[in-house]
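All values reported here derive from a predicted model rather than from experimental measurement.
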Amino acid sequence: MNEFTPKQYYKRKSKIIKMHRKIAGVRRQIRHLRMLLRVGLIFGLLYISWIILNLNQWYLNPDDIMNMNPDIVQIEGNVITPEYKISDIIRTSEPPDKQIFKYSTKQLEENLSKLQSVKKAYVRRFWFPARILVFIEEREPVFLIAPNKDSAPISAVTKDGSYMDREFMPIPSKFKTTKILSYGTGGDDYEKWDKKRVDEILKFIKKIETYSKQKVIYLDLRNPNDMYVQLDNIMLRLGALDDTTDDRIKWIPTILPEAKTLKQKVKYIDLRWKDTNYIKLDTESKDTTEET
């Protein structure tokens with residue numbers, strides 16, 4: 001076995017130390033390079049994210065809003081509400097100057113909900129490309145108001161006691177409505193009806209239809225103290241609605257079949273009194289009544 005001389009030993013040891021230093025230096029360089037790569041990658045991702053977040057596709061183009069571009073602004077659920085009314089509100093709302101995901105739709109929804117026919121408005125945002133879907137939940141009309149039986153309705157009253165004016169006419173036939181003849185005077189202004197008043201009239205109509213087994217075509221409320229009810233083939237005169245109304249309309253199943261057997265045309269069945277009912281005949285020369 002060969003032995004190293006002291007000179008050879010220290011020379012060999014020096015080479016080993018230099019090699020370890022060189023390896024350690026390379027490792028430090030690799031660590032520094034990795035650190036620089038990480039920092040560069042982070043800044044690169046931040047820069048790319050900044051570019052992506054500022055793409056035009058994240059923003060609603062004001063021109064698309066003003067022109068109501070159907071690819072950008074969609075409207076659904078409006079059967080009664082004219083689309084131009086919704087479009088006008090969307091156009092006049094403050095245009096968003098921020099990314100669509102930062103855009104608050106609360107103000108637009110509140111403005112749309114102020115329309116007489118709108119119960120609730122929802123605005124759904126789609127992020128990329130930026131676009132909105134406006135969904136309208138409408139009120140349910142139950143009464144169509146007209147000044148006389150031959151006139152087209154000029155307004156409507158909804159189930160929750162809201163009023164809709166002429167701008168929302170005509171009401172689509174899909175809604176089950178009853179025509180009401182009224183001038184809006186005489187202490188019973190239909191524009192001010194609330195849900196309680198609407199429920200009372202609906203309940204009254206339901207009772208009339210139950211007792212008569214006919215559909216109520218219209219209510220004549222032009223004189224609130226002398227109400228007429230037109231059924232499919234006969235008219236009822238009920239006078240004022242009071243505590244005796246329920247007792248008076250209970251005569252309908254009894255007197256209606258008798259009125260149908262008469263050969264002369266019946267003008268109306270008079271139910272203004274609790275204990276006395278009349279069938280008024282429609283004659284050219286004079287009025288004839290039959291008491292029951």
Side-chain angles (χ1 to χ4, degrees), residues 43-147 151-177 179 184 190-193 195 198:
F43 279 101
L45 290 175
L46 290 174
Y47 179 69
I48 293 173
S49 299
W50 181 83
I51 293 176
I52 291 175
L53 290 175
N54 284 277
L55 291 174
N56 290 334
Q57 286 84 350
W58 289 106
Y59 295 82
L60 290 174
N61 190 326
D63 292 336
D64 289 331
I65 300 295
M66 290 302 298
N67 298 325
M68 293 300 292
N69 185 340
D71 294 330
I72 303 301
V73 183
Q74 298 178 348
I75 302 173
E76 294 183 0
N78 58 312
V79 178
I80 302 172
T81 313
E83 190 162 311
Y84 77 86
K85 284 185 169 290
I86 302 173
S87 300
D88 287 346
I89 292 177
I90 295 175
R91 289 191 184 101
T92 55
S93 297
E94 184 178 354
D97 57 354
K98 56 188 71 174
Q99 293 97 331
I100 187 67
F101 53 82
K102 295 181 180 179
Y103 172 46
S104 174
T105 62
K106 182 178 180 180
Q107 187 62 51
L108 177 56
E109 291 172 342
E110 289 178 352
N111 292 338
L112 290 169
S113 297
K114 292 177 182 178
L115 291 172
Q116 292 176 334
S117 59
V118 177
K119 184 176 182 180
K120 184 73 175 178
Y122 305 90
V123 180
R124 183 180 179 186
R125 301 166 298 173
F126 295 89
W127 285 13
F128 198 88
R131 58 195 190 280
I132 57 174
L133 169 63
V134 178
F135 182 80
I136 302 297
E137 181 183 348
E138 295 181 315
R139 292 186 166 93
E140 180 184 353
V142 289
F143 302 137
L144 302 180
I145 311 298
S151 299
I154 60 173
S155 57
V157 178
T158 65
K159 193 172 185 178
D160 59 356
S162 296
Y163 169 76
M164 291 192 293
D165 58 29
R166 191 188 297 269
E167 293 182 337
F168 298 92
M169 301 297 110
I171 297 297
S173 58
K174 63 174 285 187
F175 293 98
K176 183 181 178 181
T177 57
K179 193 172 185 178
Y190 52 79
E191 292 188 28
K192 298 179 181 178
W193 285 354
K195 188 177 186 305
V198 170

Problem set entry | Taking every non-hydrogen atom, the tightest pair across Val198 and Gly161 | CG2-CA, 3.9 Å
Problem set entry | Rounded distance [0.5 Å steps], CZ in Phe135 versus CG in Asn78 | 9.5 Å
For this session: Would you mind reporting whether Val157 and Ser162 have side-chain heavy atoms less than 4.5 Å apart?
Result: no
Exercise. Would a 4.5 Å heavy-atom cut-off, applied to side chains only, mark Asn61 and Ile72 as touching?
Worked result: no
Problem set entry | Donor-acceptor contact present, side-chain Arg125 to main-chain Arg131, <3.5 Å | no
For this session: Using atom types as modelled and distance alone, determine if a side-chain donor or acceptor of Ser93 lies under 3.5 Å from a backbone N or O of Ile89.
Result: yes
Seminar exercise, completed: In terms of heavy-atom contacts, Met164 and Pro141 come closest through CE-CB, 3.8 Å
Problem set entry | CG on Leu108 to CD1 on Ile132, rounded to 0.5 Å | 6.0 Å
Problem set entry | Note, Val73 side chain near Asn69 side chain (heavy atom, < 4.5 Å) | no
Problem set entry | Within-4.5 Å side-chain heavy-atom neighbours: Tyr163 and Ile145 | no
For this session: Return each pair, listed once, that meets salt bridge (Lys or Arg N to Asp or Glu O under 4.0 Å) where at least one residue sits in residues 100-117; pairs must be two or more places apart or across chains.
Result: none
Exercise. With a cut-off of under 6.0 Å to the ring centre and 45° to the axis, is Lys85 in cation-pi contact with Phe168?
Worked result: yes
Exercise. Do Ile86 and Leu112 have side chains that get closer than 4.5 Å, going by heavy atoms?
Worked result: yes
For this session: Classify the side-chain pair Glu138/Thr81 by whether it contains a donor and acceptor separated by less than 3.5 Å.
Result: yes
Problem set entry | Value rounded to 0.5 Å, distance of CD1 in Ile90 from CG in Leu60 | 10.5 Å
Problem set entry | Closest heavy-atom pair and its distance - Ala146, Lys179 | CB-CE, 3.5 Å
For this session: Ignoring hydrogens and angles, tell me if any N or O in the side chain of Arg139 forms a donor-acceptor pair with the backbone of Val118 under 3.5 Å.
Result: yes
Problem set entry | Heavy-atom closest pair, residues Asp165 and Gln116 | N-OE1, 2.9 Å
Exercise. By side chain to side chain contact (heavy atoms under 4.5 Å, CB included), which residues pair with Arg91, not counting sequence neighbours?
Worked result: Met66, Met68, Ser87, Asp88
For this session: Could you tell me whether Lys159 atom NZ has more than 12 heavy atoms of other residues or ligands within 6.0 Å of it?
Result: no
Exercise. CD of Glu191 to OG of Ser155: how many Å apart, nearest 0.5 Å?
Worked result: 6.5 Å
Exercise. Above 12 or not: heavy atoms from other molecules or residues under 6.0 Å from OH of Tyr47?
Worked result: no
Exercise. Is the closest side-chain heavy-atom distance between Thr177 and Val142 below 4.5 Å?
Worked result: no
Problem set entry | Results of side chain to side chain contact (heavy atoms under 4.5 Å, CB included) for Leu133 - residues two or more places apart only | Gln74, Glu76, Arg124, Phe126
Problem set entry | Geometric class of the Phe143/Trp193 ring pair [parallel <30°, tilted 30-60°, perpendicular >60°] | perpendicular
